[in-house]
Q: 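Following this message is one structure expressed as structure tokens.
Per chain, numbering begins at 1; letters A, B, ... match sequence-line order.
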Protein chains: 2
Amino acid sequence: MIDNLSIDCVIFGFDGELKTLFIRRNTEPGLGMMSLPGGFVELDEPLDASPVRRLKELTGISNLFLRQVGAFGEVDRYPLRRVITIGYYALVKISDYTIQPGVDAQEARWISVKEVPELPFDHRLIFDAAVDKLREMVRIEPIGFNLLPEKFTITDLQNLYESILDTTFDKRNFRKKLAKMNLLVDLKEKQTNVSHRAANLYKFDEKIYQKLIKKGFVFDL
Amino acid sequence: MIDNLSIDCVIFGFDGELKTLFIRRNTEPGLGMMSLPGGFVELDEPLDASPVRRLKELTGISNLFLRQVGAFGEVDRYPLRRVITIGYYALVKISDYTIQPGVDAQEARWISVKEVPELPFDHRLIFDAAVDKLREMVRIEPIGFNLLPEKFTITDLQNLYESILDTTFDKRNFRKKLAKMNLLVDLKEKQTNVSHRAANLYKFDEKIYQKLIKKGFVFDL
DNA sequence: TCAAAAGTGTTGTCGCTACACCCATGT
DNA sequence: ACATGGGTGTAGCGACAACACTTTTGA
């Protein structure tokens with residue numbers, strides 16, 4: 001273990017609103033507080049493998065969208081000694097996985113990004129930076145799809161984007177732009193058990209999705 | 001000194017083409033090779049202060065545009081031991097400063113981004129990532145202005161953007177868009193000693209520049 | 001007088017925004 | 001039958017790209 005180098009993860013999910021996964025710490029410092037899941041980097045582990053390992057422990061997820069937020073290195077950001085941390089953000093489909101609190105966590109919980117509690121150390125800084133990155137990234141890659149379940153309605157997608165960007169879109173215009181991208185596959189299925197007209201379900205077209213990412217596509221909605 | 005944590009800087013400048021500042025190493029490992037200027041972080045120094053100090057030593061520059069590129073942490077990226085490095089990129093006005101090779105450098109040189117030599121460790125990776133960041137950033141902030149001298153012509157500015165984005169623009173359209181931004185102040189001066197019609201000189205309007213940055217302006221040329 | 005870059009407007013096309021009503025389903 | 005969200009088309013406007021010639025200056 002490298003005791004002066006850690007990672008911290010901002011894990012985004014969506015189930016009607018944008019949420020982040022927090023754990024309640026069961027070790028000092030910060031015992032009892034909600035905080036970002038993180039941990040120290042192992043000596044024989046590539047840096048970027050560290051958050052992958054941590055997320056595997058915590059959620060069982062091994063295949064996910066993961067990016068660096070940045071390095072945080074104020075001298076006294078960690079109270080016990082000088083530790084630099086690398087922030088990461090991840091996108092996961094909440095529905096796909098069950099959360100398993102790791103050894104240093106008593107509890108793991110999805111919390112709306114609008115209701116984030118007080119956080120220890122500089123975690124608030126890391127969290128805010130991650131949200132900023134997410135908002136930048138959402139315009140460059142169609143990352144929204146990493147957050148939705150396999151089958152979703154166009155309204156789900158619209159809600160997701162509105163939730164991330166904290167804005168609203170015109171329904172018709174949103175659908176028109178989306179249609180032009182050819183990104184959605186009509187599953188010819190409908191919602192069930194909804195007390196209104198059932199919406200059509202879609203999945204996204206993996207190939208076109210990959211192509212768009214490579215192209216440096218601007219996903220402007 | 002924290003001997004497992006370093007920083008490396010990709011310093012961009014412009015004098016007709018986009019260039020980067022490299023040093024020739026006079027210490028092992030990598031003795032004699034051109035490499036990115038960098039160094040280890042001090043124990044009592046905030047992380048982001050480290051590249052500032054390094055650039056001050058190297059160029060005398062203390063006020064500059066500096067951003068993180070990312071953290072690089074493959075297990076064996078550095079041959080002697082496990083070292084994680086944080087990459088930074090900086091924008092400087094070549095004309096404003098004289099380069100002073102630091103204690104661990106024999107020579108410092110501006111090299112065109114199209115002629116970068118073989119680099120030690122993972123410096124090529126860091127360099128490429130920095131160029132990518134620069135290209136992203138150039139569309140979001142009018143950072144071009146950090147690279148030009150105080151007085152410049154519109155053609156200089158256009159060359160800069162073409163050089164960064166590796167493309168060409170229509171002269172009339174470029175000027176029209178620029179005019180709409182109200183970003184330039186006409187200095188009512190002209191070039192001298194050019195063997196063609198002398199171009200008008202401009203500086204940029206600091207206040208509007210700051211306002212645009214805050215607004216999350218998209219600098220789309 | 002020639003070479004080299006500066007500077008300047010118009011037009012057609014495309015994309016964006018704004019906007020209102022009927023449809024299907026469960027209660 | 002009513003409440004709730006699903007789903008659809010058009011018209012006007014603004015933004016963008018394409019395009020060529022005259023001007024100024026030094027050699």
Q: Quick check against the 3.5 Å criterion: does Ser163(B) have a side-chain atom that pairs as donor or acceptor with the backbone of Leu18(B)?
A: yes
Q: Angle between ring planes, Phe12(B) versus Tyr89(B), binned at 30° and 60°: parallel, tilted or perpendicular?
A: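 Rings of Phe12(B) and Tyr89(B): perpendicular, over 60°.
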Q: Using a 4.0 Å heavy-atom cut-off to protein, can you give one letter per nucleotide of nucleotides 17-27 of chain C, 5' to 3': B if the base is in contact, S if only the sugar-phosphate is, - if neither?
A: BBBB--BBBS-
Q: Taking only Lys NZ, Arg NE, NH1 and NH2, and the carboxylate oxygens of Asp or Glu, determine whether Glu136(B) and Arg67(B) approach each other closer than 4.0 Å.
A: no
Q: Can you classify the ring geometry of Phe145(A) versus Phe152(A) as parallel (below 30°), tilted (30 to 60°) or perpendicular (above 60°)?
A: tilted
Q: Tell me the interatomic distance from Phe174(A), atom CZ, to dT8(D), atom P, rounded to whole angstroms.
A: 14 Å
Q: Nearest whole angstrom, please: distance from the C1' of dA5(C) to the CG of Asn200(B).
A: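 In whole Å, dA5(C) C1' lies 14 Å from Asn200(B) CG.
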Q: Nearest whole Å is fine: how far is dG5(D) C1' from Glu162(A) CD?
A: 14 Å
Q: Heavy atoms under 4.0 Å, any strand shown: does Thr155(B) hit a base, just sugar-phosphate, or nothing?
A: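 Since only primed, P, OP1 and OP2 atoms lie under 4.0 Å of Thr155(B), the category is sugar-phosphate.
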Q: Working to the nearest 0.5 angstrom, can you tell me the gap between Lys207(A) NZ and Leu183(A) CG?
A: 14.5 Å
Q: Taking atom P of dA15(D) as reference, at what distance in whole Å does atom CG of Leu178(B) sit?
A: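 Atom CG in Leu178(B) sits about 16 Å away from atom P in dA15(D).
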Q: Could you state the CG-P distance from Leu187(A) to dG6(D), rounded to the nearest angstrom?
A: 17 Å
Q: Roughly, in whole Å, what's the span from CD in Gln191(B) to C1' in dT25(D)?
A: 11 Å
Q: What's the CG-C1' distance between Asn159(A) and dG5(D), to the nearest Å?
A: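 One finds 11 Å between C1' of dG5(D) and CG of Asn159(A), rounded.
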Q: Quick check on side-chain contact (heavy atoms from CB on, under 4.5 Å): which of Thr155(A), Thr153(A), Asp186(A), Leu184(A) does Asn200(A) satisfy it with?
A: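 Testing each of Thr155(A), Thr153(A), Asp186(A), Leu184(A) against Asn200(A), the sole residue satisfying side-chain contact (heavy atoms from CB on, under 4.5 Å) is Asp186(A).
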Q: Quick one: Asp156(B) CG to dA5(C) P, roughly how many Å, whole number?
A: 13 Å
